[in-house]
Amino acid sequence: MFTTLIDKLRALPWLLLALMATAVVAWLAPYQLGVLVWSLSKLAFGAYLGYWIDRTIFHYARPHDFFHMANRLADQDLRNGARHLRHLRHQASLATLRRAAVMAAAILALGLGV
């Protein structure tokens, strides 16, 4: 239960940084606060949508699943496992890059106002 809460709060430093930047803008230029909040909300929503778009489309190829499978294979220490281990780690890396690209596309789309 505690690890689930920590897992859900793994982006907390970014949230705190955004809140501090918002406080600085509110202090220096309060008339720009509405624009800042609007822009930040679009970017955050783009990241959220990008993550869930990737999870929905590629439900069978989640990066953490590949990493877990590779770790289990490494723990088994099989003779023929080295080739499969390399393949799984490669697939995990590609899935991570794919997720980052989908998220970046969604962030750019919403950030540009599309």
Side-chain angles (χ1 to χ4, degrees):
M1 168 121 179
F2 185 68
T3 57
T4 306
L5 178 64
I6 290 174
D7 189 45
K8 291 183 183 198
L9 296 176
R10 63 182 166 219
L12 185 64
W14 290 105
L15 177 62
L16 294 176
L17 183 65
L19 291 173
M20 287 189 303
T22 304
V24 169
V25 169
W27 182 60
L28 293 176
Y31 53 89
Q32 290 290 331
L33 196 55
V35 175
L36 176 67
V37 170
W38 174 244
S39 297
L40 288 174
S41 66
K42 287 194 312 182
L43 295 178
F45 193 58
Y48 183 79
L49 277 178
Y51 176 80
W52 282 103
I53 287 169
D54 181 78
R55 273 189 67 129
T56 303
I57 294 174
F58 300 104
H59 58 88
Y60 54 88
R62 294 183 180 163
H64 73 279
D65 289 339
F66 286 125
F67 282 118
H68 288 306
M69 284 189 285
N71 289 337
R72 274 185 294 189
L73 188 61
D75 290 341
Q76 290 176 358
D77 194 32
L78 297 175
R79 266 180 141 179
N80 197 15
R83 184 169 47 98
H84 296 296
L85 183 63
R86 271 196 317 272
H87 178 70
L88 278 173
R89 287 190 176 151
H90 182 70
Q91 291 298 320
S93 299
L94 289 177
T96 302
L97 289 174
R98 181 207 66 228
R99 179 168 287 175
V102 170
M103 288 178 68
I107 291 168
L108 281 173
L110 287 178
L112 293 173
V114 176

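In what follows, every heavy atom counts, from backbone to side chain, and hydrogens, waters and symmetry copies are set aside. Just so you know, residue 1 is the first one in the sequence shown, and it goes up from there.
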Check your understanding: Should we count CZ of Phe58 as having more than 12 external heavy atoms under 6.0 Å?
Key -> yes
Review point. Apart from Tyr31 itself, what residues make up its hydrophobic cluster when side-chain heavy atoms of I, L, V, M, F, W and Y under 4.5 Å apart count as a link, directly or indirectly?
Key: none
Review point. Hey, what do you get for CG (Leu19) to CG (Leu12), rounding to the nearest 0.5 Å?
Key: 9.0 Å
Exercise for review: Can you establish whether the number of heavy atoms outside Phe45 located under 6.0 Å from its atom CZ is more than 12?
Suggested key: no
**Study point:** side chain to side chain contact (heavy atoms under 4.5 Å, CB included) involving Val35 - partner list, sequence neighbours excluded
**Key:** Gln32, Ser39
**Study point:** Ala18: partners by side chain to side chain contact (heavy atoms under 4.5 Å, CB included), with sequence neighbours left out
**Key:** none
Exercise for review: List for me each residue that meets side chain to side chain contact (heavy atoms under 4.5 Å, CB included) alongside Trp14, sequence neighbours excluded, and say none if there are none.
Suggested key: Leu17
Review point. When rounded to the nearest 0.5 angstrom, what distance separates NE2 in His59 from CG in Asp65?
Key: 12.0 Å
Side-chain atoms of residues 89-104: list all donor-acceptor pairs with protein atoms under 3.5 Å, sequence neighbours left out, distances to 0.1 Å.
from	atom 1	to	atom 2	distance (Å)
Ser93	OG	Arg89	O	3.0
Thr96	OG1	Ala92	O	2.9
Arg98	NE	Asp54	OD1	2.7
Arg98	NH1	Ala61	O	3.2
Arg98	NH2	Asp54	OD1	3.3
Arg98	NH2	Asp54	OD2	3.1
Arg98	NH2	Ala61	O	3.0
Arg99	NE	Asp54	OD2	2.7
Arg99	NH2	Asp54	OD2	3.2

Review point. For the atom pair OG1 (Thr56) and OH (Tyr51), what is the distance rounded to the nearest 0.5 Å?
Key: 10.0 Å
Review point. Linking Ile, Leu, Val, Met, Phe, Trp and Tyr through side-chain heavy atoms less than 4.5 Å apart, which residues share a cluster with Ile107?
Key: Leu43
